[in-house]
**Q** 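Sharing a structure, written as structure tokens. Questions coming.
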Amino acid sequence: MKPINIKLIVVISSMIFLCNLYMQSAYSFDDVETHPRLTKKSADRKQFIDYLKYQLDFQNGLDHQIKDNTVLDWLQKGSTDEDHPMCRASTHFHNPLLPWDQSYMTDAPWWINMWCRDVPPAWQQFSNITWATGYTTRFGNYIDRERQDMGWKDARTYFYQALTTTTPVKRDDYFVKTFRAVGQVLHLIEDMAVPAHVRNDFQSHLSFNGIKENSPINPLSWFGNPFEYYVKLNPSLISAATPGIPAFVNPMLTDFWDTTDTVGGSPGLGLAEIVNRSYFSDQTIPGNNIGLSDKYYNVHMFPLPQLVTGMYDCVDNLPETNKKTRYVSRN
């Protein structure tokens, strides 16, 4: 018997820990608190509740019981499940300035790519919009995604099966899968409100947020995207938000993400397009990515927002701290 190579075991264990750390840090909005809150806010709309009551005969609306949970519970569970297993998070990025078959995350460290894609069973890379809908262009080109059984097409299939099956138990099973799948698709749309997820900025998820009183022995909670962390600490941002109405009329499914699938053209109206051109993420602020290698520096260059020297600069405290930082106002 060959002697055990202790050094090799330590290296492998360290890589496993780093992959777990980085991929869990790459989750977008917090999947325990923030995503369920966003999903509840999205579902609590009169049009949807009326549909549940008067089209599906779910008289209690979001509180209608299916098996051991309510409709809202299953939607929220889906919005949490989308981050598991952890490598699903690598499909939660979409750069709307690129064709959709090239708009996936490309700035992850090599060991993340190896862990999630190159080590069997391989995890194929997709953009958020393709992972959610199956489309690689706005007008078609649907593709199947291995390991994706909770996308929009799947939700429609489960819904059809729920409506047509004659067995009550199976009917409930399919309704559960329908609402869970819708919750997972909602999670993917919600991710498009995170600047790092529409600006190819995995690196910004590795920021050290500090050791907090409620997580002194959990290193996975010490790192993450500062914007997402701030939203988690301030749930009133969600509860006080007023739902908006998209500017487009009679949209196609993918328009909620991205209304164009080509480079250039007029400003798009999808959530990914609006956030991409309107907000910085940490590593895409000019000057913040100087210390990165050329590979990461180049993929973090975006045309908007533009910085004009001496205009609209202000200095204020970072949220929750007394530390001063510079801001750029769009007003």
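Since the structure is predicted, the reported quantities are computational estimates derived from the model, not experimental observations. Hydrogens, waters and symmetry mates play no part in the numbers below; they use all other heavy atoms, side chains included.
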**Q** Quick check: do M86 and R88 have side-chain heavy atoms less than 4.5 Å from each other?
**A**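 No - every pair of side-chain heavy atoms lies 4.5 Å or more apart.
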**Q** Taking all heavy atoms of T80 and all of P36, pick out the closest pair and write down the distance.
**A**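 For T80 versus P36, the nearest heavy atoms are OG1-CG, 3.5 Å.
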**Q** Are V71 and Y54 connected in a single hydrophobic cluster, I mean Ile/Leu/Val/Met/Phe/Trp/Tyr linked by side-chain heavy atoms less than 4.5 Å apart?
**A**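 In one cluster with Y54: V71, no.
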**Q** Run through Q184, Q124, Q125, E82 and flag the one making a side-chain hydrogen bond (donor to acceptor under 3.5 Å, both in side chains) with W131.
**A**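 Output: one option passes, namely E82.
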**Q** Take atom NZ of K324 as the centre, draw a 6.0 Å sphere, and report whether it contains more than 12 heavy atoms from other residues, nucleotides or ligands.
**A**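 Result for NZ/K324: enclosed.
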**Q** Answer yes or no: is there a donor N or O on one side and an acceptor on the other, between the side chain of N234 and the main chain of Y230, under 3.5 Å?
**A**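 Flag set: sc N234 to bb Y230 pair under 3.5 Å.
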**Q** Between the side chains of T34 and E228, does any donor sit under 3.5 Å from an acceptor?
**A**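 Judged by distance alone, the side chains do not pair up.
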**Q** Using a 3.5 Å distance criterion without hydrogens, assess whether the side chain of E273 forms a donor-acceptor pair with backbone atoms of G270.
**A**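 Yes: the side chain of E273 pairs with the backbone of G270.
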**Q** Distance check, rounded to the nearest 0.5 Å: K40 atom NZ versus I238 atom CD1?
**A**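 Atom-to-atom, K40:NZ and I238:CD1 are 11.5 Å apart.
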**Q** Are F256 and L271 side-chain neighbours, meaning at least one heavy-atom pair lies under 4.5 Å?
**A**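 No - every pair of side-chain heavy atoms lies 4.5 Å or more apart.
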**Q** Linking I/L/V/M/F/W/Y whenever their side-chain heavy atoms sit closer than 4.5 Å, directly or via other members, would I274 and M252 fall into one cluster?
**A**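 In one cluster with I274: M252, no.
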**Q** Is there a side-chain contact between N128 and M192, using heavy atoms and a 4.5 Å cut-off?
**A**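 Heavy-atom side-chain distance check passes, below 4.5 Å.
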**Q** Restricting to non-hydrogen atoms, name the atom on P168 and the atom on T166 that form the minimum distance, rounded to 0.1 Å.
**A**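 Smallest heavy-atom distance, with atoms named: CD-O, 3.5 Å.
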**Q** Do the rings of F179 and F48 sit parallel, tilted or perpendicular, given the 30° and 60° boundaries?
**A**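 It falls in the perpendicular class, over 60°.
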**Q** Could you state whether V185 and Y135 fall into the same hydrophobic cluster, counting links through intermediate Ile, Leu, Val, Met, Phe, Trp or Tyr residues with side-chain heavy atoms under 4.5 angstrom apart?
**A**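 Yes, same cluster.
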**Q** Does R138 come within less than 4.0 Å of D255, counting only side-chain N to carboxylate O?
**A**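 Yes, this pair counts.
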**Q** Whether the side chain of K41 engages the backbone of A241 through a donor-acceptor N/O pair (distance < 3.5 Å, no angle test) should be reported.
**A**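 Confirmed, K41 side chain pairs with A241 backbone.
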**Q** Please collect all salt bridge (Lys or Arg N to Asp or Glu O under 4.0 Å) contacts where either partner lies in residues 62-79, sequence neighbours excluded, each pair once.
**A**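 Applying salt bridge (Lys or Arg N to Asp or Glu O under 4.0 Å) to every pair that reaches into residues 62-79, excluding sequence neighbours, yields K67-D173, K77-D81.
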**Q** List the atom of S90, the atom of M105, and the distance in Å for their closest heavy-atom pair.
**A**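 Here S90 and M105 meet closest at CB-CE, 3.7 Å.
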**Q** Any side-chain heavy atom of P303 sitting closer than 4.5 Å to one from L97?
**A**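 In contact.
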**Q** Going hydrophobic residue to hydrophobic residue with side-chain gaps under 4.5 angstrom, can you get from F248 over to I129?
**A**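 F248 and I129: one cluster.
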**Q** Would you give the length of the straight line joining atom CD1 of I189 to atom OG of S79, rounded to the nearest 0.5 angstrom?
**A**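 Interatomic distance, I189 CD1 to S79 OG, rounded to 0.5 Å: 12.5 Å.
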**Q** Less than 4.5 Å apart, any side-chain heavy atom of F280 and any of P195?
**A**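 Not touching, per the 4.5 Å side-chain cut-off.
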**Q** Verify the neighbour count for atom OH of Y142: are there more than 12 heavy atoms of other residues, nucleotides or ligands below 6.0 Å?
**A**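 Above 12, so yes.
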**Q** How many angstroms lie between atom CD1 of I66 and atom CZ of R180, to the nearest 0.5 angstrom?
**A**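 Rounded to the nearest 0.5 Å, the CD1-CZ separation comes to 12.5 Å.
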**Q** Which residue in the set Q203, R199, M301 passes side-chain contact (heavy atoms from CB on, under 4.5 Å) when paired with T284?
**A**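 In the set Q203, R199, M301, the residue that makes a side-chain contact (heavy atoms from CB on, under 4.5 Å) with T284 is R199.
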**Q** Donor-acceptor check, side chain of R145 to backbone of I143, threshold 3.5 angstrom: yes or no?
**A**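 Checking the backbone N and O of I143 against the side chain of R145, a donor-acceptor pair under 3.5 Å is found.
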**Q** Is the backbone N or O of N141 less than 3.5 Å from a side-chain atom of T136, with the two atoms forming a donor-acceptor pair by type?
**A**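 Side chain of T136 to backbone of N141, a donor-acceptor pair under 3.5 Å: yes, one is there.
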**Q** Determine the sole option in T164, L163, T157 for which the side-chain contact (heavy atoms from CB on, under 4.5 Å) test with Y160 is passed.
**A**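 Output: one option passes, namely T164.
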**Q** If you count the non-hydrogen atoms of other residues, nucleotides and ligands that lie under 6.0 Å from CD in Q59, is the total more than 12?
**A**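 More than 12 heavy atoms, drawn from other residues, nucleotides or ligands, come within 6.0 Å of this atom.
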**Q** Any non-hydrogen side-chain atom of D107 less than 4.5 Å from a side-chain atom of H300?
**A**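 Counting from C-beta outward, D107 and H300 do come under 4.5 Å.
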**Q** As a quick check of understanding, evaluate side chain to side chain contact (heavy atoms under 4.5 Å, CB included) for T70 and L62, giving each step before the final call.
**A** CA-CA 7 Å; T70 66; L62 292 173; over 6 Å; no
**Q** For the residue pair Y158 and Y174, categorise the inter-ring angle as parallel (less than 30°), tilted (30 to 60°) or perpendicular (more than 60°).
**A**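 The arrangement is parallel - the two ring planes meet at less than 30°.
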**Q** Could you report the tightest heavy-atom contact between A43 and L75, atom names first, then the distance?
**A**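 Closest heavy-atom pair between A43 and L75: CB-CD1, 3.9 Å.
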**Q** For the hydrophobic clusters of this structure (ILVMFWY residues joined by side-chain heavy atoms under 4.5 Å, transitively), does one cluster hold both W100 and V198?
**A**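 Yes.
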**Q** Ignoring hydrogens and angles, tell me if any N or O in the side chain of T259 forms a donor-acceptor pair with the backbone of L269 under 3.5 Å.
**A**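 Yes, because the side chain of T259 sits within donor-acceptor range (under 3.5 Å) of the backbone of L269.
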**Q** In Å and rounded to the nearest 0.5 Å, what is the CD to OG1 distance from Q76 to T39?
**A**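 Between atom CD of Q76 and atom OG1 of T39 there are 6.5 Å.
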**Q** Under 4.5 Å between any side-chain heavy atoms of F302 and N95, yes or no?
**A**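 Result yes, sub-4.5 Å side-chain heavy-atom pair found.
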**Q** If you take all heavy atoms of Y279 and P305, which pair is closest and at what distance?
**A**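 That closest heavy-atom pairing would be N-CG, 3.8 Å.
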**Q** Just how far is it from atom OH of Y104 to atom OG1 of T91, taken to the nearest 0.5 Å?
**A**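 Reported to 0.5 Å precision, the distance equals 13.0 Å.
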**Q** For H205 and F202, take the angle between the two ring planes, folded into 0 to 90°, and tell me which bin it lands in: parallel under 30, tilted 30 to 60, perpendicular over 60.
**A**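 H205 vs F202 ring planes: tilted.
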**Q** Between H94 and D258, do the side chains contain a donor N or O and an acceptor N or O under 3.5 Å apart?
**A**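 Result is yes, a qualifying pair exists.
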**Q** Decide yes or no for D282 and P226: does some side-chain heavy atom of the first lie under 4.5 Å from some side-chain heavy atom of the second?
**A**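 Yes, their side chains come closer than 4.5 Å.
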**Q** Rounded to the nearest 0.5 Å, what's the gap from NZ on K177 to CG on D154? Could you check?
**A**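 That separation rounds to 8.5 Å.
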**Q** Among D201, N276, N200, which residue meets the side-chain hydrogen bond (donor to acceptor under 3.5 Å, both in side chains) test with S281?
**A**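 Of D201, N276, N200, side-chain hydrogen bond (donor to acceptor under 3.5 Å, both in side chains) with S281 is met by D201 alone.
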**Q** Distance-only, no hydrogens or angles: does the H187 side chain make a donor-acceptor pair with backbone N or O of H35 under 3.5 Å?
**A**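 Judged by distance alone, no pair lies under 3.5 Å.
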**Q** Do you know which two heavy atoms are closest between Q148 and M150, and how far apart they sit?
**A**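 The pair with the smallest heavy-atom distance is OE1-N, 2.9 Å.
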